[in-house]
**Student:** 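The structure under discussion is supplied below as structure tokens; questions concerning it will follow.
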Amino acid sequence: MYTPDFDYYAPQTVQEVCSLLTQFGSKAKILSGGTDLMVKLKHGTIDYEVLISLKELNELKGITYQEGKGVVVGARTTHNDLVNSDILNEKYLSISEAAHHMAGNQIRNIGTIGGNIVNAVPSADLPPIFIALGAIVTILGPEGERTVPLEDFFTGPGKTVLAQNEIVTYITIPDQPTTGSNYIKFGLRRSGALAVVGVASSVTMEGNIIKDARIALGAVAPVPMRAKNAEAALIGKEYTDELLEQAGVAASQECSPISDIRGSAEYRRDMVRVFTKRSLKASITKGHSGEHLETEHGK
Amino acid sequence: MSENTIHNNDYAVIGKSVPRIDGREKVTGAAKYTGDLKFPNMLYGKILTSPHAHARILSIDTSEAEKLAGVKAVITHKDVPSLKYGISPARWDENIFCIDKVRFVGDKVAAVACIDEETCYKALKLIKVEYEVLPAVLDPLTAMDEGQPLVHEEYERNINTEIHQEFGDMENAFKNAHHIRKDRFVGQRTYQSPIEPHSAISMWQDGKLTIYSSTQSPHYFQYYIAREFGMKMGDVRILKTYVGGGFGGKLEPTGLEFAGAVLAKNTGRPVKMFYDRAEMFAHNRGRHAQYMEITSAVDKDGKILGCHTNFIMDGGAYTSLGIASAYYAGALLPLTYEFDNYKFDMFRVYTNLPACGAQRGHGAPQPKYAFECHLDEIARDLNIDPLEIRIRNARRPNTVTPNDFGINSCEIKSCLERAGAMSGWAEKKGKLPKGRGIGVATGSFVSGAGYPIYRTNLPHASAMIKVHEDGTAATLYTGAVDIGQGSDTVLSQMAAEAMGFVYEQMKIVAADTETTPHDFGAYASRQTLMSGAAVKQAGEEVKRQLLDMAASMLQRPVYDLDVKAGEIFSISDSSVSLSFSDAAREFFVRRGPLVGKGSYTPPKLGGKFKGAAVGTSPAYSFCAQVSEVQIDEETGVIDVLDVWDVHDCGMVINPGLLHGQVHGALFMGLGESIWEQVLFDDKGKIVNANLAEYRLPTALDMPKVHSGLIDSYEPAGPWGVKEVGEGSTNPTMGCFANAIYDAMGVRINSLPLTYEKVWRALKEKREKEQAQK
Amino acid sequence: MQAIVDKEGIKRYLISLTVNGDTYTVVVKANTMLVNVLREELNLTGTKKGCETGDCGSCTVIMDGKPVNSCIILALEADGKEITTIEGVAQNGVLDKLQESFLNQTAVQCGYCTPGMILSAKALLTRNPNPTEHEIREAIAGNLCRCTGYVNIVKAIKEAAGQPVDEH
């Protein structure tokens, strides 16, 4: 295969990235892990004259906990960094598990959270769980920093609120009283499959009463979406399996999936029902655990 | 399972899991595949393909491409022979480059040779082809209708091949039946998807052509390339390098060899051509999609009285190996179960889609899937256990099929019984918890085709062995082709056994039309039996000469001597001994090179009707599979838990490699059962021509595999061997389909059995049940 | 990074890679993939190309301790990194225990996925010397094999980890 020619820059500071973006405009694209970008360049579905590599920007790597702020994840943090993070394993195993079920091991070693979010692929695995946990995106531009809730970040397939000369630097998961969170990826193979449906939830319980719930769906709308009707059906109610089923039905009604080679809209809608129910149950009963479809081999 | 069969205890070398002869090279990365080779002054070549499924070529302008720096040659149909070719001699319908029109998305239009790969892609973009787009034939079921466009003007109603065979007395069988059942099934288009994409390097010297290729058959490449260019076969040399899997897709010469040869000639430089992964889907000639109707008549015990199969096959734009595929689809069906009355109707139709050919199990796995599902339905109709109905119908040894295939060894009944015991069938069938199911199916396959692809009286296999002058090593020269299955290892074991030598000192030169003797190559599971027979003969010739020399050295009668594992000994006097190497060295000193040769031609096989040759074989393997699955009834997700395969493959030369073949065949069948399918858009373009969306199962998807063997001895094979590599793909789709049916209680009549199809079938079943309440 | 521009205006960069313990300086274009540097410049053809889009894992190399797909990594992005290819797994002609176990368990057929498979397994055992079967399968799930159904590959990795292996 063939990768078209481009100019390559590897700036030393984030500010330099912004000024290169300003200089080259729409001809330039940021190269983070490149696991998606390189494939699209090879397939010829996109073409850029300039790639701006983030390889020198080590400050964008890593996961830290900042008192009063929450868990801060640098945009260049790889999927396997999420999987192996002690902080996440302790606080939000659901994020580690969501990362764990992405692609294959080699891709997880290179692909970054920033790339996964900025690509704005509707089936991306990380946005739903981050949205369910109320994550905030920190964006740097020539005018300085701004923050946007991740849930408002996406504007369409491949489209975000990022201006041409802006870069995502961090994702922050604010401290929260949630009881549990969870992401279920439903793919057609156990590795190396895109999500046909992705459902994330986070729930705050007070005794048996659902005090708060956030549900985020992937691959069933032009952007990762909150299932607000489903949430409304839950909040303030006593937890029962029947209630979760009702929430599942509500979520399946408010999403807007399309039919493609991975599944029909009808199938996706029903899978939203099933996995919303299952994800909620895991969030309520198992805390911030990972709960996924896979059954252990050799049982 | 035990590695031993009752027959291998007498042998020193065969029957043992010796390590692969090429293993060290492969685990260290030293093994060179065609794409790894470089030659001085070598150019890179690439083919320009059609973006349309069906279009007239109005003009081709290569001038801009020719001007690009680094482009050394640009060729179109004007620069190559116009002689049509194809691997099936009955229908030569392909040109090196399209002349008047293109017939599928990916059809070959032009080619370039450049100083590097990048320049090739840039040059291809500069070739301007003007097309007049024509209406395309994309649906095989309507391809034969009046008024449809013709893919090839000379083939009316787009019929590529038509088969109508009838054996026995169908009318009587159906008249006397206790029960008659008709079912329809659909099999999908899949691809071999070897992990190594095909590549070829062509070069000329003194008017002679040499091609290194990832090929399954240097012989057929040599024959068809010589024919295309009007050359003597002796002036064309084909060498196989290490090949990264074939599975049928690398059997016939491709555009890479034909176009590469011309580019190399025109530039006077070696040219390396290669397909990328997407191109492999257009050019690798995958498994035909088949539309299958089966009607069977049975008696009250479920004994099959007669069967009528009525199939349509989507051939794609060219014949490829499709005539054989079409015949195989029906011909191999009566192997596993005994019935006397059989009717087979088939239309293979042309469409404007990539051509289909041979994939592991060639033509047979989908009909077998259909038949095994059909048989389960019959069992249910008659309230007979699915394992039991198969045992009742199981073929016996020394029988003849209705289409005149002679069966020697056949342990299918034992295979079924053993698979039933291993899997705990009796404890599980009908007693599993909700959502869990168990299924059974059988398979069989040829151990080599009774006749070659084109008409010739050449032996099917031949071999030479040269013992080195000091007697400490021997080299086997064989035209047989190791594409990963391990024939180099197995044949070296056979050579050592036949000579009385040791495997560790064997060397092998294989699959080079110049240095090795003729062999038809790796297809139709032929090499262990056919190439093995030639190797055995060559080894025995060495042994005879060696013992003759030993007799003279030891002053003993030759009939009193034998040789095993490198030691010559006296049968009557255990104190007498002489090493193989000492005798061999002495032979060289006194009589010159110690060389043995052998060849193999199968006996005349089969009946006299049209198409009687296809499916004939000296021997047939048999197997039974049982699988257990768990279904998530809400989502349709299938969890494949366990699969048990029990094989009757005759004497086993290398148990490790043999079980490896079973694993791989099962793996491919499993992929085709649930995950693998090529999808097209409404313009005839493949939408998932990549390994992300054409989903081969990963290590996480593969179930636990239990592979067992039945002791068996095949009189037609050397040491009693027969095939294993393709037979295990035959039952797999039917086996999983039956297990999935058992788990969900409703039948899905098309492959693959995707999660969504399972979900939909269960939903419809629930809706129906609710409506009935 | 040092860059030079040729007469046609094409920019080339001087990069440095440590491959199997040896440091090489190579000249690459911006669009050159790591796999092509290894195969074409360093003649380390044990690193294979199966799909060139990160789907099959036959181009797997270990970069700074982690298995990655060299077909979708720019050579420029690998500048300064330490890389192990299959040619660097055996030491002084002595096979690694994984290479031995792949031979013992008949885990090799056509051999095309084998280099990538061994490197994925090598990275796993370095990080986790006693993995569960599920962890083994996860570690190689990004490496497609069309010949073996992974059955004997999983056994070989177990053997290399010193675990008992069932037959067939």
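Computed over heavy atoms, backbone and side chain alike; hydrogens, waters and symmetry mates excluded. Proteins get letters first, then strands, A, B, ... in listed order; numbering begins at 1 in each.
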**Student:** Answer whether the closest heavy-atom distance between the side chains of C:L74 and C:M33 falls below 4.5 Å.
**Tutor:**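 A side-chain contact under 4.5 Å exists here.
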**Student:** Which of the residues A:H43, A:M38, A:R108 is involved in the greatest number of heavy-atom pairs with chain C at under 4.5 angstrom?
**Tutor:** A:M38
**Student:** Looking at side-chain heavy atoms only, is the closest gap between A:V72 and A:Y65 below 4.5 Å?
**Tutor:** no
**Student:** Using a 6.0 Å cut-off, check whether atom CD of C:E82 has over 12 heavy atoms from anything other than its own residue.
**Tutor:** no
**Student:** What option among C:K11, C:K66, C:E77, C:K29 has the most heavy-atom pairs under 4.5 Å with chain A?
**Tutor:**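 Top option by heavy-atom pairs under 4.5 Å: C:E77.
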**Student:** Which one, A:N105, A:V39, A:T3, A:N109, leads in non-hydrogen pairs under 4.5 Å with chain C?
**Tutor:** A:N109
**Student:** Tell me, out of C:N69, C:N31, C:D79, C:I10, who's got the most heavy-atom pairs with chain A below 4.5 Å.
**Tutor:**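 Top count of heavy-atom pairs under 4.5 Å with chain A: C:N31.
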**Student:** For the interface with chain A, which of C:I140, C:V68, C:T32 has the highest count of heavy-atom pairs at distances below 4.5 Å?
**Tutor:** C:V68
**Student:** Tell me, side chain or backbone of A:I110 under 4.5 Å from chain C's heavy atoms, or both, or neither?
**Tutor:**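 Contact with chain C: side chain only.
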**Student:** Does any donor atom in the side chain of C:N152 or C:T106 lie under 3.5 Å from an acceptor atom in the other side chain?
**Tutor:** no
**Student:** Indicate whether any N or O donor in one side chain lies under 3.5 Å from an N or O acceptor in the other, for C:N143 and A:Q106.
**Tutor:**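 A donor-acceptor contact under 3.5 Å links the two side chains.
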**Student:** When you compare the side chain of C:N43 with that of C:T45, does any pair of heavy atoms fall below 4.5 Å?
**Tutor:**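 Answer yes - side chains close enough.
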**Student:** Identify which of C:N36, C:T53, C:L76 forms the greatest number of heavy-atom pairs closer than 4.5 Å to chain A.
**Tutor:** C:L76
